[in-house]
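Residue numbers begin at 1 in each chain, while the letters A, B, ... track the order of the sequences.
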Protein chains: 2
Amino acid sequence: MNDSVDASPLPDLTFARTPAPDLSAAASDLRMATFRLARRLRAQRAVDTMSDGQFAVLAALTVHGAHTLGQLADRERVTAPSMNRTVTLLENAGYLTRTPDEVDRRKVTIDLTDDGRAVVDETVRRRDAWLEEALSSLAPDEREALARAAEIMRKMAER
Amino acid sequence: MNDSVDASPLPDLTFARTPAPDLSAAASDLRMATFRLARRLRAQRAVDTMSDGQFAVLAALTVHGAHTLGQLADRERVTAPSMNRTVTLLENAGYLTRTPDEVDRRKVTIDLTDDGRAVVDETVRRRDAWLEEALSSLAPDEREALARAAEIMRKMAER
DNA sequence: TATTGTTATACTCTATAACTATA
DNA sequence: TATAGTTATAGAGTATAACAATA
């Protein structure tokens, strides 16, 4: 276990707020709810010996296709040596492959193996299975409220 | 900088889902929205050289008061030696104090210093300030939808 | 003996600096 | 010279095992 799945990296802080009572209470509530649900979701994973950072690489390859090392490092906002290490671990585990670029021989193309794809699929399946179960036990109008909120939250996150 | 503030530990995966189209699409949307907003919020912090794990300790002390080492380790789901190391770093940085327990002299009481409290306050202030700003630019009915959703999300996270 | 905290040691993930190969 | 990737090295965070002090 390399990863405290249900720990609290960012605890949900309930504080008395001072300015603009309506908005600030809403902000605190939304912050707490977001962190708690994210933590709960993060606890669902397919290979629980895999770190978030490793899984993020597999997921990026799934969503955006093959990358060079530098592209992966940029996307995940880590340095090239850090990404290199992560990629090496994933390569050794059989989840991805490194292939020299035929055109520019300084580059390597990194892509998922079938096993790597399976890990991503299974993790996503577990997370959404848990969420679907939770959603199915809600009232229809509650589900609708969440659907609406999800759209707004994504818009906010893009600010 | 010890911490990739805006990296993507758990990328937002958009997949074609197979079963129960309504619920599964809703689940994917909510998962994505939750992770994105959480990531965006996490990027707001007072001391950007402080890890999430260190901040979590300060926040726990703020919310729940003084702890023994064992209590902190249990709360954050790490081992006692790990927590001991984190506490030592925070103690050296001047954010908390260790005091031997007068009654049971095996124990130590760990509590915030004024500096530690200031870090927590400032981080929470920044996060909520960002959120308040974002909320204030929404339509009133959107804010209402988020408020309702926050309540439901908290309920779901407790499952 | 059991509990609480600490130290010893090791492995992962991160970084910066230096190096190799290629453009 | 500049770029892409890698290797060398070090610090932070995690763990398990062993130890010291106290109950």
Side-chain angles (χ1 to χ4, degrees), chain A residues 1-10 42 45 47-58 60 66-93 95-111, chain B residues 1-10 42 45 47-58 60 66-93 95-111:
Chain A
M1 191 72 68
N2 60 353
D3 165 47
S4 48
V5 149
D6 200 30
S8 44
L10 293 163
R42 229 183 337 260
R45 60 184 62 195
V47 180
D48 68 0
T49 55
M50 179 177 293
S51 71
D52 282 350
Q54 288 181 33
F55 178 71
V57 170
L58 300 187
H67 288 60
T68 65
L69 185 79
Q71 286 171 338
L72 272 182
D74 286 348
R75 183 181 294 285
E76 298 304 319
R77 319 281 179 105
V78 297
T79 60
S82 291
M83 183 53 72
N84 189 57
R85 182 187 185 115
T86 299
V87 165
T88 299
L89 289 171
L90 290 168
E91 185 185 25
N92 292 342
Y95 295 138
L96 55 75
T97 55
R98 273 187 172 99
T99 313
D101 187 301
E102 289 300 323
V103 181
D104 183 343
R105 295 166 59 88
R106 295 172 302 181
K107 296 183 179 177
V108 295
T109 300
I110 294 159
D111 205 358
Chain B
M1 190 76 66
N2 62 352
D3 167 41
S4 47
V5 150
D6 201 31
S8 45
L10 293 163
R42 237 190 322 267
R45 60 184 61 195
V47 180
D48 69 359
T49 55
M50 180 177 292
S51 71
D52 282 350
Q54 286 182 32
F55 178 71
V57 169
L58 300 187
H67 288 60
T68 65
L69 185 79
Q71 286 171 339
L72 272 182
D74 286 348
R75 182 179 295 283
E76 297 305 318
R77 317 280 180 107
V78 297
T79 60
S82 292
M83 182 53 71
N84 190 57
R85 184 190 182 112
T86 299
V87 164
T88 298
L89 288 170
L90 290 168
E91 185 185 24
N92 292 342
Y95 294 138
L96 55 76
T97 54
R98 273 187 172 99
T99 313
D101 187 301
E102 288 300 322
V103 180
D104 182 344
R105 296 168 58 88
R106 293 172 305 182
K107 296 183 177 175
V108 294
T109 299
I110 294 158
D111 206 358

Report for the helix from C/dT1-D/dA23 to C/dA23-D/dT1: angle between first-end and last-end helix axes, five pairs each, rounded to 10 degrees. 20°

Hey, could you give me the CD/NE2 distance between B/Glu76 and B/His67, rounded to the nearest 0.5 Å? 8.0 Å

Send over the distance from B/Asp101 CG to C/dT6 P, rounded to a whole Å. 13 Å

Do side-chain atoms of B/Gln71 reach the backbone of B/Thr68 as a donor and acceptor pair under 3.5 angstrom? yes

Can you see if the side chain of B/Thr68 gets near the phosphate of C/dG5 - specifically, an N or O under 4.0 Å from OP1 or OP2? yes

With the sugar-phosphate defined as primed atoms, P, OP1 and OP2, and the base as all remaining atoms, what B/S/- string results for nucleotides 18-23 of chain D, 5' to 3', for protein heavy atoms under 4.0 Å? ---BBS

side-chain N/O B/Arg98 vs C/dT6 OP1/OP2, d < 4.0 Å: yes

Starting the side chain at C-beta, find the nucleotide from C/dT4, D/dT14, D/dA15 nearest to B/Lys107. C/dT4

Please report the distance, rounded to the nearest Å, between CG in A/Leu89 and C1' in D/dT6. 14 Å

Paired with B/Leu72, the side-chain contact (heavy atoms from CB on, under 4.5 Å) test is passed by just one of B/Thr86, B/Val87, B/Leu96, B/Val78, namely B/Val87

Write down the distance between CD (B/Glu76) and P (D/dA15), rounded to a whole number of angstrom. 12 Å

Figure out the CG/P separation between A/Asp52 and D/dT14, and round it to whole Å. 13 Å

So, using side chain to side chain contact (heavy atoms under 4.5 Å, CB included) as the criterion, who are the partners of A/Asp74 when residues are at least two apart? none

Salt bridge (charged side-chain N to carboxylate O under 4.0 Å, His left out) with A/Arg98: which residues, sequence neighbours excluded? A/Glu91

Could you state the CD-P distance from A/Glu91 to D/dG5, rounded to the nearest angstrom? 13 Å

For B/Ala80 and for A/Ala80, locate the closest nucleotide of DNA chain C by heavy-atom distance; then report the residue assigned to the nucleotide nearer the 5' terminus. B/Ala80

May I ask you to verify if any side-chain N or O of B/Thr86 is less than 4.0 angstrom from the OP1 or OP2 atom of D/dT14? yes

Length of the line joining B/Met83:CE and D/dG13:P, which is rounded to integer Å: 11 Å

In terms of side-chain heavy atoms of B/Asn84, which of C/dT6, C/dG5, D/dT6 is nearest? C/dT6

With sequence neighbours left out, write down each residue that passes side-chain hydrogen bond (donor to acceptor under 3.5 Å, both in side chains) with A/Thr79, or none if nothing qualifies. A/Ser82

Considering only heavy atoms from C-beta outward, does the side chain of B/Val47 approach that of B/Gln54 to under 4.5 Å? no

Send over the distance from A/Leu69 CG to D/dT7 C1', rounded to a whole Å. 13 Å

Contact under 4.0 Å: A/Gln54 side-chain N or O vs C/dT12 OP1/OP2: no

Residues 79-90 of chain B vs salt bridge (charged side-chain N to carboxylate O under 4.0 Å, His left out), sequence neighbours excluded, gives none

With sequence neighbours left out, write down each residue that passes side chain to side chain contact (heavy atoms under 4.5 Å, CB included) with A/Ala93, or none if nothing qualifies. A/Tyr95

Give a yes/no answer on whether the side chain of B/Ser51 brings an N or O atom under 4.0 Å of OP1 or OP2 in D/dA12. no

Given D/dA15, is OP1 or OP2 found less than 4.0 Å from the side-chain N or O atoms of B/Ser82? yes

Protein-nucleotide distance (B/Asp48, atom CG; D/dA12, atom C1'), rounded to Å: 16 Å

Set of residues satisfying salt bridge (charged side-chain N to carboxylate O under 4.0 Å, His left out) with respect to B/Arg106, sequence neighbours excluded: B/Asp104

